[in-house]
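Whatever order the structure lists them in is the order used to number ligands and atoms, beginning at 1. From a predicted model like this one, the values you see are computed outputs, not experimental measurements.
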Amino acid sequence: MSFRATVLTLYPDMFPGPLGTSLAGRGLAEGVWSLEARNIRDHAADKHRTVDDTPAGGGAGMVLRCDVLAAAIDAVADGRPMLAMSPRGAPLTQARVRELAAGDGAIILCGRFEGFDERIFEGRDVEPLSIGDYILSGGEVGAMALLDACVRLLPGIMGAASSGEEESFEEGLLEYPHYTRPVEWEGRMIPEVLRSGDHARIAAWRKQRAIEDTRLRRPDLIERHGGVREASPSGAQRED
Ligand code: SAH
């Protein structure tokens, strides 16, 4: 059974968008996964096809009605996890992405305006997920980010099967930095250790750089992961 994504949106024309190219697009064409974008507006009950209304308690903007959202969800619900893109959700992590990619797909609600009537989350067991601490104009780009992250993990998508395993976040660390030819570029060299052919030294250097860069840029990752297991036995020194 392949991974099936259903996106509920006011802008179905935005899909597949970037998911139709490169790895994800090839997977889509080959049936490794499927994508259906459905218009929430098709589930509006009145002749004006209204999907939103003013916020209870006052304030700017419009809120997506839970009765319309529920009708859109009920038309597709089949046991797949139901997610909603929301800056008020838990931050999406690679761990959650892995869980989702191991399942049979997801139903993803995309918000617009001020977002969703809060009752939809409990009322339909919808999990809110955020893609970061900033505000997008709609959930569609977030849904694309989520699906892109899931789809690249599906069997048959990535060429080198192992390249998914050593990446940023997998051990609570950022990945080590990469280099490729030319060896010298504008006076900057590829670190000598990477040209040494000494696999143990290279592994130790990479681990060390992953730890250092994470401490510098993303100390929150190390904290969340409960600290760092110390670098490799050969006691890597920084050598660049
Ligand atoms: N008033 C809301 C923001 C609404 S933005 C608030 O302050 O929390 C409109 C829609 O864009 C949201 O319903 C959501 O679907 C999407 N969106 C915006 N930022 C997002 C983020 N960081 N992660 C996921 N979805 C986001």
Practice item. Starting from atom 9 (C) of ligand 1, find the nearest protein heavy-atom neighbour and note its residue, name and distance. Key: F113 O, 3.3 Å
**Study point:** Short N or O distance, L136 and ligand 1, threshold 3.5 Å exclusive
**Key:** yes
Review point. Any idea which part of A84 is under 4.0 Å from ligand 1, heavy-atom wise: side chain, backbone, both or neither?
Key: neither
Check your understanding: Any heavy atom of G61 sitting closer than 4.0 Å to ligand 1?
Key -> no
Exercise for review: Using a strict 4.0 Å threshold on nitrogen-to-oxygen distance, state whether E140 and R112 make a salt bridge.
Suggested key: yes
Study note, to complete from the structure: Here the side-chain hydrogen bond (donor to acceptor under 3.5 Å, both in side chains) pairs for residues 10-30, sequence neighbours left out, are none
Check your understanding: So is G142 in contact with ligand 1, going by heavy-atom distances below 4.0 Å?
Key -> no
Check your understanding: What do you reckon, does C110 have a nitrogen or oxygen under 3.5 Å from a nitrogen or oxygen of ligand 1?
Key -> no
Point to revise | Heteroatom distance test (F116, ligand 1): nitrogen or oxygen, under 3.5 angstrom | key: no
Point to revise | NZ/NE/NH1/NH2 to OD/OE distance under 4.0 Å, E192 and R195 | key: no
**Study point:** ligand 1 contact on S86 by region, counting heavy-atom pairs under 4.0 Å
**Key:** backbone
Check your understanding: What protein heavy atom sits nearest atom 7 (O) of ligand 1, and how far off is it?
Key -> I135 CD1, 4.1 Å
Practice item. Return a yes/no value for L129: is any of its N or O atoms, backbone included, closer than 3.5 angstrom to an N or O of ligand 1? Key: no
Practice item. Assess whether atom NE2 of H199 is packed by more than 12 heavy atoms of other residues, nucleotides or ligands within 6.0 Å. Key: no
Point to revise | Identity and distance of the protein heavy atom lying nearest atom 2 (C) of ligand 1 | key: E114 O, 3.5 Å
Point to revise | Protein contact to atom 23 (N) of ligand 1 [nearest heavy atom, distance to 0.1 Å] | key: I131 N, 3.0 Å
Review point. Just wondering, do L19 and V151 contact through their side chains at under 4.5 Å, heavy atoms?
Key: no
**Study point:** Crowding at CG, D78 (>12 non-hydrogen neighbours, <6.0 Å)
**Key:** yes
Exercise for review: State, yes or no, whether a side-chain contact exists between T93 and R224 at a heavy-atom distance under 4.5 Å.
Suggested key: yes
Study note, to complete from the structure: Of P87, G115, A143, the residue with the heavy atom nearest atom 3 (C) of ligand 1 is P87
Point to revise | Residues D213, R218: salt bridge by 4.0 Å N-O rule | key: no
